[in-house]
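Each remark here refers to the structure printed beneath this line.
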Amino acid sequence: EKALRTPKASQERQVALYHEFRNRQWPASGEQCVSNIVAFDGSGEEPGSLWGLGSGWGSHFGHLLGNAGRVALLREAVLVQKTHPVWLWSPDGKGVETYLEPISSCDRRAANATLSAREIKDCEGCDPEAMAPVLAALMRPNAEVRAAETALRKRIRWDHETTPIIGLHVREGDKGSESPLHPLVEHLDALREHIKAGALPAGARVYVATDSS
């Protein structure tokens, strides 16, 4: 709902931020990679210190990667991950490349600074509107993830789907400690209202992802 209520001027600014960030991360030629390159590894000063031992890798993925990108945007720098990163949630030690394409085409070895855990966590001076554009630019699924998605689409018979698909993420686990829980039917009713109002495509299919049995 928040995204649907975003003023047009804010949407246009987010598009501009997306292109500004993306053009710096993946310049047209290697010669355009600037010397202002910052690296991050997401490990924190000690194991579990950045977000706490109870934080899942989803929080690291979104908040950590998004904040690191916003710091880079603020500094007009290219963001790379360290050559040998230490990630709390990455099962194979490859960092974001476990799931994503490399986050920049610039040489990561050219980084002249490494972002500290505090800089990433606090993100002082970062533009709040830049989070969505930064994540939209950085989160490009790699070949393994794309293959898994293709297999899933085939299994649920959406491999030739041409109608729009709305992803509905309903969290009823840890989120129950942060906000009231709402039955799934309420989420679906809200979707129907948005469709009636013309805010969502009328012929869309809905894919529900949830931790609720």
Side-chain angles (χ1 to χ4, degrees), residues 2-3 6 10-30 32-44 50-51 55-150 152 165 167 169 209:
K2 183 179 180 182
T6 303
S10 178
Q11 292 179 15
E12 292 173 348
R13 184 162 181 276
Q14 288 191 8
V15 170
L17 287 169
Y18 168 84
H19 288 294
E20 177 187 345
F21 181 77
R22 198 186 190 294
N23 290 341
R24 188 178 293 117
Q25 290 293 111
W26 297 279
S29 66
Q32 291 177 304
C33 283
V34 296
S35 59
N36 185 18
I37 301 178
V38 294
F40 77 119
D41 64 3
S43 62
L50 188 55
W51 298 109
S55 178
W57 66 264
S59 296
H60 285 75
F61 220 159
H63 299 294
L64 185 63
L65 187 58
N67 278 2
R70 289 198 297 158
V71 173
L73 186 64
L74 178 68
R75 296 186 180 186
E76 297 185 350
V78 175
L79 178 71
V80 297
Q81 68 166 337
K82 292 178 75 172
T83 308
H84 300 290
V86 179
W87 281 73
L88 301 180
W89 50 264
S90 178
D92 56 10
K94 287 166 39 179
V96 296
E97 291 174 15
T98 301
Y99 306 101
L100 304 179
E101 295 287 355
I103 61 176
S104 175
S105 58
C106 297
D107 187 349
R108 70 182 73 182
R109 295 170 297 179
N112 51 18
T114 298
L115 301 181
S116 70
R118 187 197 62 77
E119 288 175 302
I120 298 173
K121 183 177 180 181
D122 298 339
C123 210
E124 293 178 3
C126 289
D127 189 335
E129 290 197 335
M131 178 67 87
V134 162
L135 289 178
L138 292 176
M139 288 191 164
R140 303 177 304 145
N142 62 21
E144 187 175 351
V145 173
R146 289 197 304 271
E149 179 195 10
T150 298
L152 174 62
I165 298 174
H169 187 190

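Computed from a predicted model, the values in this text were never measured in an experiment. Just so you know, these numbers use all the heavy atoms, side chains as well, and skip hydrogens, waters and symmetry mates.
When all heavy atoms of A72 and V38 are compared, the closest pair comes out as CB-CG2, 4.1 Å. The heavy-atom pair separating L73 from L17 by the smallest distance is CD2-CD2, 4.0 Å. For L65 against L100, the heavy-atom pair with the smallest separation is CD2-CD1, 4.0 Å. When all heavy atoms of E124 and L74 are compared, the closest pair comes out as O-CD2, 3.5 Å. Nearest heavy-atom pair, G66 versus V134, reported as atom, atom and distance to 0.1 Å: O-CG1, 3.8 Å. In plain terms, the two heavy atoms of A137 and F21 that are nearest each other are CB-CD2, 3.7 Å.
Proximity of Q81 to F40: side-chain heavy atoms (C-beta onward) are separated by under 4.5 Å at one or more points. Using a 4.5 Å heavy-atom threshold, the side chains of V15 and P133 count as separate. You'll find the side chain of L79 stays beyond 4.5 Å of the side chain of R24, heavy atoms only. Residues D127 and R13 have side chains in contact (heavy-atom distance under 4.5 Å, counting atoms from C-beta outward). Using a 4.5 Å heavy-atom threshold, the side chains of N67 and M131 count as touching.
Under the 3.5 Å distance criterion, the side-chain polar atoms of S104 are matched with a main-chain donor or acceptor of Q25. Judged by distance alone, the side chain of R70 and the main-chain N or O of E129 form no donor-acceptor pair under 3.5 Å. Distance alone, capped at 3.5 Å, places no donor-acceptor pair between the N36 side chain and the V78 backbone.
Listed by chain and residue number, E101 satisfy the side chain to side chain donor-acceptor pair (under 3.5 Å) test with R146 (two or more places apart in sequence, or in another chain). In this view, S35 satisfies the side chain to side chain contact (heavy atoms under 4.5 Å, CB included) rule with no residue, not counting sequence neighbours. Every side chain to side chain donor-acceptor pair (under 3.5 Å) that D107 has, sequence neighbours left out, goes to R109. For the side chain to side chain donor-acceptor pair (under 3.5 Å) test, no residue two or more places apart in sequence or in another chain qualifies with N23. The side chain to side chain contact (heavy atoms under 4.5 Å, CB included) test applied to C33 returns P27, C106, not counting sequence neighbours.
To the nearest 0.5 Å, atoms CG (L138) and CH2 (W26) are separated by 5.0 Å.
Legend: salt bridge (Lys or Arg N to Asp or Glu O under 4.0 Å) pairs involving residues 71-80, not counting sequence neighbours, sorted by first then second residue: R75-E119.
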